[in-house]
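Values below: every heavy atom of this structure, side chains too, minus hydrogens, waters and symmetry copies. Numbers here simply count residues along the sequence, with the first being 1.
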Amino acid sequence: MATSKEFHDYVMEQLSRMGEFTSRKMMGEYCIYYRGKLIGDLCDNTLLLKPTESVLKLMPDAQRDYPYEGSKTLMVVVDDIENTELLSEVIAAMFQELPEPKQVKDKKSSRTKK
């Protein structure tokens with residue numbers, strides 16, 4: 001089951017209250033980014049966060065699930081999306097732990113002119 005547009009919009013509305021969030025549609029589901037860093041996914045109408053040390057510490061009792069069949073990453077399920085106080089704390093902490101996004105090389109600038 002793919003994530004519905006309505007659920008996507010609802011989650012993005014909640015997240016937007018906390019800062020600069022964006023999403024990218026991927027095969028019927030969505031990747032969620034905070035200030036350019038991938039923090040999790042929307043899969044089957046569920047918000048899943050990467051299992052960073054901070055997420056596991058701040059949400060120790062949260063359910064874990066795989067975002068899709070065949071995934072090797074067990075992610076943290078966010079049940080209470082409206083708890084922006086907890087989500088703000090979790091996302092701020094995990095942001096510090098996540099690597100910077102890889103810079104995409106501009107293909108035009110790598111070409112040599114003749």
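Met94 and Ile39 make their closest contact through CE-O, 3.4 Å (heavy atoms, listed as atom of the first residue, atom of the second, distance). Closest approach of Ala2 and Gly28 over heavy atoms only: CB-O, 3.3 Å.
Taking CD of Glu89 as the start and CG of Asn83 as the end, the distance is 9.5 Å to the nearest 0.5 Å. Here the OG-CD distance, from Ser54 to Glu97, works out to 3.0 Å after rounding to the nearest 0.5 Å. Taken to the nearest 0.5 Å, the CG atom of Leu49 stands 9.5 Å off from the CD1 atom of Ile32. Going from atom NZ of Lys50 over to atom CG of Leu38 covers 4.5 Å, rounded to the nearest 0.5 Å. Note that the OG1 atom of Thr3 and the CG atom of Asn45 stand 5.0 Å from one another [nearest 0.5 Å].
A salt bridge (charged side-chain N to carboxylate O under 4.0 Å, His left out) check over residues 33-42, counting only residues at least two apart or in different chains, returns the pairs Lys37-Glu100. A ring-ring contact (aromatic ring centres under 6.0 Å, His included) check over residues 73-92, counting only residues at least two apart or in different chains, returns nothing. Listed by first and then second residue, the ring-ring contact (aromatic ring centres under 6.0 Å, His included) pairs that reach into residues 15-40 are His8-Tyr30, Phe21-Tyr34, Tyr34-Phe95, sequence neighbours excluded. Pairs passing the salt bridge (charged side-chain N to carboxylate O under 4.0 Å, His left out) check and including a residue from residues 10-25, sequence neighbours excluded, read Glu13-Arg17.
Every side chain to side chain contact (heavy atoms under 4.5 Å, CB included) that Ser88 has, sequence neighbours left out, goes to Met18. Among residues two or more places apart in sequence or in another chain, the side-chain hydrogen bond (donor to acceptor under 3.5 Å, both in side chains) test is passed with Asp79 by none. Considering only residues two or more places apart in sequence or on other chains, Glu82 meets the side chain to side chain contact (heavy atoms under 4.5 Å, CB included) condition with Tyr10, Gln14, Asp80.
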With a cut-off of 3.5 Å and sequence neighbours excluded, list every side-chain donor-acceptor pair involving residues 55-77.
| residue | atom | partner | partner atom | Å |
| --- | --- | --- | --- | --- |
| Arg64 | NH1 | Ala62 | O | 2.3 |
| Ser71 | OG | Thr73 | N | 3.1 |
| Ser71 | OG | Thr73 | O | 3.4 |

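Leu47 and Leu86 fall within a single hydrophobic cluster, where Ile, Leu, Val, Met, Phe, Trp and Tyr are joined by side-chain heavy atoms under 4.5 Å apart, directly or via other members. By the criterion of side-chain heavy atoms lying less than 4.5 angstrom apart, applied directly or through intervening Ile, Leu, Val, Met, Phe, Trp or Tyr residues, Leu48 is not grouped with Ile91; the two fall into different hydrophobic clusters.
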